Enquirer: 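Let me give you the structure first, and then I'll get to my questions.
Note that the structure is a prediction, hence the values are computed from the model and not measured. Atoms considered below: every heavy atom in the structure, side chains included; atoms not considered: hydrogens, waters and symmetry mates.
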Amino acid sequence: MTLQIRDDRARELAQQLARKRKVTMTEAVIQALEGELRRETEKEPLAARLKRIAAELAAKGEPGGHTMTKDEIDAMWGH
């Protein structure tokens, strides 16, 4: 089955990728599509990413945290 790229922008993008990777346009399109499918498959849901990031940050903090003084807060806000 033949894939015809009729859209000028799509053709130009495929040509650019093929030149950069030194492959045929067909191979460039295959690689691009495989990469996008892999990213979609491996995509981590936003809630899970935020939970992971929060856990990583919490692990870096000191137990009990630090209570900021008014002077520290003012300095942080440039007062």
Side-chain angles (χ1 to χ4, degrees):
M1 185 175 221
T2 303
L3 173 65
Q4 295 181 13
I5 301 176
R6 295 186 183 122
D7 183 88
D8 290 338
R9 182 168 171 256
R11 186 181 309 102
E12 177 57 32
L13 291 169
Q15 288 171 339
Q16 285 179 31
L17 185 58
R19 280 192 301 272
K20 286 182 182 280
R21 293 187 176 176
K22 295 180 171 67
V23 297
T24 65
M25 279 183 50
T26 300
E27 185 58 30
V29 170
I30 289 169
Q31 290 175 4
L33 292 171
E34 285 175 341
E36 284 303 307
L37 285 170
R38 186 172 38 259
R39 277 187 282 284
E40 283 296 318
T41 301
E42 296 170 355
K43 192 182 285 186
E44 184 180 12
L46 178 59
R49 285 196 332 251
L50 292 175
K51 186 175 182 179
R52 178 179 48 77
I53 292 168
E56 289 171 5
L57 291 174
K60 291 180 180 182
E62 296 178 16
H66 169 76
T67 303
M68 294 182 71
T69 66
K70 181 176 181 342
D71 290 339
E72 289 174 319
I73 294 170
D74 288 346
M76 181 176 66
W77 289 101
H79 295 260

Enquirer: Considering only residues two or more places apart or on different chains, which pairs with a residue in residues 23-38 satisfy salt bridge (charged side-chain N to carboxylate O under 4.0 Å, His left out)?
Expert: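 Sorted result for residues 23-38: Glu36-Arg39.
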
Enquirer: Can you list every salt bridge (charged side-chain N to carboxylate O under 4.0 Å, His left out) pair that touches residues 68-79, not counting sequence neighbours?
Expert: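 The answer is Lys70-Asp74.
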
Enquirer: Residues in side-chain contact (heavy atoms from CB on, under 4.5 Å) with Ile73, at least two apart?
Expert: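 Residues passing side-chain contact (heavy atoms from CB on, under 4.5 Å) with Ile73: Met68, Trp77.
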
Enquirer: If I compare all heavy atoms of Ala28 with all of Ala14, which pair ends up nearest, and what's the gap?
Expert: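 Distance-wise, the nearest heavy atoms are CB-O, 3.9 Å.
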
Enquirer: The test is salt bridge (Lys or Arg N to Asp or Glu O under 4.0 Å); show your working for Glu12 and Arg9 and say whether it passes.
Expert: CA-CA 5 Å; Glu12 177 57 32; Arg9 182 168 171 256; over 6 Å; no

Enquirer: Which side-chain N or O atoms in residues 49-61 pair as donor and acceptor under 3.5 Å with protein atoms at least two apart or in another chain?
Expert:
from  : atom 1 : to    : atom 2 : distance (Å)
Arg49 : NH1    : Glu44 : O      : 3.1
Arg52 : NE     : Glu44 : OE1    : 3.4
Arg52 : NE     : Glu44 : OE2    : 3.4
Arg52 : NH1    : Glu56 : OE2    : 3.3
Arg52 : NH2    : Glu44 : OE1    : 3.1

Enquirer: Which residues pass the side-chain hydrogen bond (donor to acceptor under 3.5 Å, both in side chains) test with Asp8, not counting sequence neighbours?
Expert: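 By the side-chain hydrogen bond (donor to acceptor under 3.5 Å, both in side chains) rule, Asp8 matches Arg11.
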
Enquirer: Does any part of the side chain of Val29, heavy atoms only, come nearer than 4.5 Å to the side chain of Ile5, both counted from C-beta?
Expert: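 A side-chain contact under 4.5 Å exists here.
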
Enquirer: Out of curiosity, does Val23 fall in the hydrophobic cluster containing Leu33 (side-chain heavy atoms, cut-off under 4.5 Å, transitive links)?
Expert: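 Hydrophobic grouping puts Leu33 apart from Val23.
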
Enquirer: Does Leu17 sit in a hydrophobic cluster with other residues, and if so which ones, taking ILVMFWY side chains as linked at heavy-atom separations under 4.5 Å, directly or through other members?
Expert: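 Once heavy-atom contacts under 4.5 Å are chained together, Leu17 still belongs with nothing else.
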
